[in-house]
Amino acid sequence: MWVLTPAAFAGKLLSVFSLPLNSLWRSLVLLSCWLRATFWLPGTKRTKKQLVPREPDKTEEEEEDPPLPTTPTSVNYHFTRQCNYRCGFCFHTAKTSFVLPLEEAKRGLLLLKEAGMEKINFSGGEPFIHDRGEYLGKLVEFCKAELQLPSVSIVSNGSLIREKWFQNYGKYLDILAISCDSFDEQVNVLIGRGQGKKNHVENLQKLRTWCRNYRVAFKINSVINRFNMEEDMTEQIKALNPVRWKVFQCLLIEGENTGEDALREAERFVISDEDFERFLERHKEVSCLVKVVFSIIIYSDRFPKGESLSQGHIGRKDPSKSILDVGVEEAIKFSGFDEKMFLKRGGKYIWSKADLKLDW
C-alpha cells in the first residue's frame, strides 16, 4: 500500500509558500509531480520508480487462515453396546440396551454421507445381536444401495452370523472383520470369547468360507494382551489370508474397563509397549498386518457422537453432542479426531471390494 502521511504533505506545502513569488510557480510544478508520483494519479504511467511500497510492520503477525473442517472420511458406528461375549478388555461395554430407531439411524448416516463419509463400519457390542442381524442388514443395504458408499464393513465376533444373512445382504457388504485374539481355544475362553460348546476358531474357518462364496472381503482383528502376547499366529493368519489383520494393543479406558463405574477390570490384560513390539516383530513376515495402538470412533447410544480414545495406558472417552442435534461439522470439532494420525496408521486404504481385485 502506498501512503502519503499528513506530516510529509504539510512540510512540502509550507516549503512552497515560503519561497519568493518568482520561484513559486516552479515549486508548484514540482509539488504537483511529487503528489502525482505518490498517489499514482490517473493518466500517469506506472513505473517502478514511482511506486514505492510501504514496508510491512515487522511487529504485526500474519493472520492465518482458519483450519478447514475435518471430513469424516471413515466412520465407525457402534449402534449397540449389547454383546453375547464377555471379553475382559472390552472398551465399549453393555451400559445400556438402547438402539436408535432405524429411520433415525438412516438420517444420521445420510448427514455423514453429505459431510464426506466414504466408509462406514458397523460394530458394537456385537452388531448381529439386535433383531438377529436384520437391523444391521438394513443399514448395510441402505449405505451401499441408497447412499452408494464406496465401502461398507462390519466388525463382529462371528458367533451369531448365519449363512442366510449372507444370502440376503452379502452383496451390499465390502468387508467382514472377525475378532479373533487366539488360535488356542483355551486362551479364547480365558479372554472371554468362549460360548459353551461353540468353538471360536472353527467358526472363524466357516465364516472365511462364506466370505469367499458370497464375495465379501475377509479381515481379522486381534487385541494383544497378557494371555496371547507370546503366541505365534503366523501360520494360521497366512492360511486364512485376510485382506488385513489389524493388531491392537490392549488399552484401559476409564469408565469402561477400568475405574469405579466400569463393567470390566482389564488391568490384568494390559501389556507393556515392549511386549507389544515383540509380538509385532514375531509376525513381521505377515504382510497384511496393521498395527493400531489406539483408535478414533464415532459411535452411538443416541447416534453418532464423536468419541476419542486418548493415547496411553489409561485413556478415556470424551463424547461430543449428537450429530442429529448439532450437525456433523459442529459435533466433530469436539470428537478428538486426529486426521493426521488416522492417515499415518494407514486408516485410508483400498476398502471397496470392487477395487480389491480379490481372487474369489
Side-chain angles (χ1 to χ4, degrees), residues 70-83 87 89-95 98-100 105-106 108-113 115-130 135-136 139-140 142-144 147 149-157 173-179 217 219-223 243-244 246-249 251 253 256-257 290-311 315-320 322-324 328 331-332 334-339 341-349 351-352:
T70 302
T71 301
T73 308
S74 178
V75 174
N76 288 328
Y77 181 15
H78 297 239
F79 63 83
T80 180
R81 284 176 170 266
Q82 297 298 302
C83 187
C87 302
F89 47 71
C90 181
F91 66 85
H92 199 63
T93 53
K95 290 191 163 186
F98 178 83
V99 175
L100 199 70
K106 288 181 178 180
L109 292 165
L110 176 59
L111 289 173
L112 287 164
K113 166 65 187 302
M117 177 176 67
E118 297 177 16
K119 179 182 184 295
I120 182 69
N121 178 64
F122 295 104
S123 188
E126 169 51 47
F128 282 88
I129 202 169
H130 184 66
Y135 178 94
L136 172 62
L139 290 181
V140 167
F142 173 75
C143 287
K144 180 59 75 171
L147 298 186
L149 294 182
S151 182
V152 180
S153 65
I154 297 171
V155 174
S156 167
N157 63 40
L173 184 64
D174 290 277
I175 302 171
L176 175 64
I178 300 298
S179 299
K219 181 174 154 184
I220 295 175
N221 289 354
S222 301
V223 177
V243 293
R244 277 164 76 86
K246 285 179 72 172
V247 176
F248 299 79
Q249 182 176 357
L251 184 66
I253 302 296
E256 295 285 354
N257 59 20
V290 178
K291 168 188 173 182
V292 182
V293 178
F294 70 99
S295 183
I296 300 297
I297 62 175
I298 290 184
Y299 90 107
S300 177
D301 297 327
R302 304 287 173 185
F303 196 86
K305 299 174 182 179
E307 273 194 345
S308 64
L309 300 187
S310 49
Q311 192 172 14
R316 69 182 188 279
K317 290 182 178 182
D318 298 314
S320 73
S322 170
I323 67 171
L324 295 177
V328 176
I332 207 170
F334 304 97
S335 69
F337 178 65
D338 188 334
E339 196 164 23
M341 180 59 71
F342 169 75
L343 295 172
K344 182 179 178 181
R345 72 168 178 83
K348 191 163 186 177
Y349 56 97
W351 50 34
S352 171

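The chain is numbered in sequence order, starting from 1.
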Using 30° and 60° as the class boundaries, would you call the ring planes of Phe79 and Tyr135 parallel, tilted or perpendicular? tilted

Quick one: list whatever passes salt bridge (charged side-chain N to carboxylate O under 4.0 Å, His left out) with Lys113, sequence neighbours left out. none

Minimal non-hydrogen separation, Leu111 against Ile323, with atom names: CD1-O, 3.8 Å

Side chains of Leu139 and Phe122: closer than 4.5 Å at any heavy-atom pair? yes

Taking the side chain as every heavy atom from C-beta outward, state whether Val247 and Lys291 have any atom pair closer than 4.5 Å. no

Tightest non-hydrogen contact, residues Met117 and Leu109, listed as CE-O, 3.6 Å

Polar side-chain atom of Lys144 near backbone of Leu149 as donor-acceptor pair, under 3.5 Å: yes

Assess whether a salt bridge exists between Asp174 and Lys119, defined as any Lys/Arg side-chain N lying under 4.0 Å from an Asp/Glu carboxylate O. no

Distance col, row Ile120:CD1 vs Cys143:SG, nearest 0.5 angstrom, shows 5.5 Å

Quiz question: by atom type and distance under 3.5 Å, do the side chains of Asn221 and Ser179 form a donor-acceptor pair? no

With a 4.5 Å heavy-atom cut-off, do Cys90 and Asn257 have their side chains touching? no

Show, in sequence, the C-alpha distance, side-chain angles and deciding distance for Phe91 and Leu251, and conclude whether the side-chain contact (heavy atoms from CB on, under 4.5 Å) test is met. CA-CA 8 Å; Phe91 66 85; Leu251 184 66; over 6 Å; no

For Arg81 and Glu126, what are the C-alpha separation, side-chain angles and deciding distance, and is it a salt bridge (charged side-chain N to carboxylate O under 4.0 Å, His left out)? CA-CA 7 Å; Arg81 284 176 170 266; Glu126 169 51 47; over 6 Å; no

Side chain to side chain, Leu100 and Leu324, heavy atoms closer than 4.5 Å: yes

Side chains of Pro127 and Val155: closer than 4.5 Å at any heavy-atom pair? no

Is a donor from one side chain sitting under 3.5 angstrom from an acceptor on the other, for Ser74 and Glu118? no

Here the gap from Ile154 atom CD1 to Leu173 atom CG, rounded to the nearest 0.5 Å, amounts to 4.5 Å

Rounded to the nearest 0.5 angstrom, the OH-CG distance for Tyr77 and Leu136 is 11.0 Å

Determine whether Ile220 and Lys246 make a side-chain contact, defined as any pair of heavy atoms from C-beta on separated by less than 4.5 Å. no

Quick one: does Phe128's side chain get under 4.5 Å of Asn157's, heavy atoms only? no

